[in-house]
Amino acid sequence: MAFHIKKPETDALAHEREQGRPSLVDLGVQFCRDLRTKVNPQNGKPADKAFRDSLYEEATPSSTMPG
């Protein structure tokens with residue numbers, strides 16, 4: 001987001017705070033890299049039709065109630 005700062009001193013301070021700070025794109029890329037190193041696709045369960053269908057099943061009262 002861009003700001004229009006009239007005072008040169010304040011503008012200089014704002015630029016100083018932004019320097020060295022990673023962009024949102026850089027943060028997103030690093031997040032994906034970190035996630036990839038933590039996940040091992042060989043250990044995961046397959047996302048087969050039964051799994052996908054289970055995501056859309058309606059919850060029954062007995063499955064949501066403890067006990």
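Sparse packing is recorded around CG of L24, with 12 or fewer heavy atoms of other residues, nucleotides or ligands lying under 6.0 Å away.
Applying the side-chain contact (heavy atoms from CB on, under 4.5 Å) criterion to L35, with sequence neighbours excluded, gives F31, V39.
With respect to K38 and D34, no salt bridge is recorded, no charged nitrogen being found less than 4.0 Å from a carboxylate O.
If you take CG on L27 and CZ on R21, they are separated by 9.0 Å, rounding to the nearest 0.5 Å.
Taking both residues in full, the closest heavy atoms of I5 and D11 are given as CG2-N, 3.6 Å, listed atom of the first, atom of the second, then distance.
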